[in-house]
Amino acid sequence: MESDHRGKKQVISDPAACWLLREGIDYLNHGSFGACPIPVLQFQQEMSRRLESGPWRFQVLELPKLQRVNREALAGFVNADADDLVFVPNVTHGVSTVLRSLAFKPGDELLTTNQDYFACHNALEFVARLSGARVVTVELPFPLRAAEEIIEA
């Protein structure tokens with residue numbers, strides 16, 4: 001059983017039916033290029049209709065309240081203060097924003113793994129070049145047999 005965006009319970013008996021993907025497609029790259037579950041698409045359409053039916057009202061009066069409610073829900077999930085959370089367009093944007101807000105100097109090391117996301121790695125390399133820091137890539141074993149292997153690496 002899962003909750004929809006309004007907190008209502010709904011039973012999902014066939015998870016494949018939640019997607020518009022053609023039969024036989026097992027899509028694994030949802031982070032970069034979709035696909036969205038049907039309930040997300042429906043909510044997206046609802047938000048678009050609200051925006052188009054009253055752009056000023058939606059942007060100025062409704063959207064800030066919706067964002068606040070969602071930041072509060074996310075804060076509860078990640079055990080953070082809602083005022084410390086912001087929404088960004090994507091992970092790369094968020095990582096770049098954080099990296100550019102920090103002050104690095106020559107000799108600093110920016111630690112990542114061989115399993116990082118290419119665009120985020122590029123952001124690390126960019127701020128390292130600007131500041132004289134260096135990117136250090138830790139090789140993680142695959143497959144991982146124990147959490148301790150991460151610490152050892």
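Scope of the values below: all heavy atoms of this structure, side chains included, with no hydrogens, waters or symmetry mates. Source: prediction; values computed, not measured.
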_Give me each pair satisfying salt bridge (Lys or Arg N to Asp or Glu O under 4.0 Å) with a member in residues 118-144, each pair once, sequence neighbours excluded._
Glu109-Arg134

*Which residues satisfy the side-chain contact (heavy atoms from CB on, under 4.5 Å) test with Ser48, sequence neighbours excluded?*
Glu52

*asked:* Looking at every non-hydrogen atom in both residues, tell me the closest pair between Ala80 and Leu85 and how far apart they are.
replied: CB-CD2, 4.3 Å

_Testing the basics here: between Ile150 and Leu140, what is the closest heavy-atom pair and its distance to 0.1 Å?_
CA-CD2, 4.1 Å

*asked:* If you compare all heavy atoms of Ala128 against all heavy atoms of Val135, which two are closest, and at what distance to 0.1 Å?
replied: CB-CG2, 3.9 Å

*Keeping to residues at least two apart or across chains, list the salt bridge (Lys or Arg N to Asp or Glu O under 4.0 Å) pairs with something in residues 19-29.*
none

*Does Asp81 have any side-chain contact (heavy atoms from CB on, under 4.5 Å) partners at least two apart in sequence or in another chain, and if so, which?*
Asp83, Asp84

_Just to verify, what does Phe104 make a ring-ring contact (aromatic ring centres under 6.0 Å, His included) with, not counting sequence neighbours?_
none

*asked:* For residues 143-153, which residue pairs pass the side chain to side chain donor-acceptor pair (under 3.5 Å) check, not counting sequence neighbours?
replied: none

_Closest contact, heavy atoms only, Pro64 versus Phe58_ = CD-O, 4.3 Å

*asked:* Between Gln115 and Leu144, is the side chain to side chain contact (heavy atoms under 4.5 Å, CB included) condition met? List the steps.
replied: CA-CA 12 Å; Gln115 297 177 15; Leu144 198 62; over 6 Å; no

_Can you confirm whether Phe87 is buried at CZ, in the sense that more than 12 heavy atoms of other residues, nucleotides or ligands lie under 6.0 Å from that atom?_
yes

*Quick one: hydrophobic cluster around Val60, which other residues, with the 4.5 Å side-chain cut-off, linked directly or via members?*
Trp56, Leu61

*asked:* For Thr137 versus Asn114, what's the shortest heavy-atom pair and its separation?
replied: CG2-N, 3.6 Å

*asked:* Which residues pass the side-chain hydrogen bond (donor to acceptor under 3.5 Å, both in side chains) test with Lys105, not counting sequence neighbours?
replied: Asp108

*Please name all residues satisfying side-chain contact (heavy atoms from CB on, under 4.5 Å) with Val98, sequence neighbours left out, ordered by chain then number.*
Leu102

_Test of understanding: with side-chain hydrogen bond (donor to acceptor under 3.5 Å, both in side chains), list the residues that count as partners of Glu72, not counting sequence neighbours._
Arg68

*With sequence neighbours left out, what residues match Arg57 under side-chain hydrogen bond (donor to acceptor under 3.5 Å, both in side chains)?*
Glu62

*Looking only at non-hydrogen atoms, find the nearest pair between Ala82 and Ala75 and report the distance.*
N-CB, 3.6 Å

_Test of understanding: with side-chain contact (heavy atoms from CB on, under 4.5 Å), list the residues that count as partners of Asn90, not counting sequence neighbours._
Thr92, His93

*Does Tyr117 OH have over 12 foreign heavy atoms under 6.0 Å away?*
no

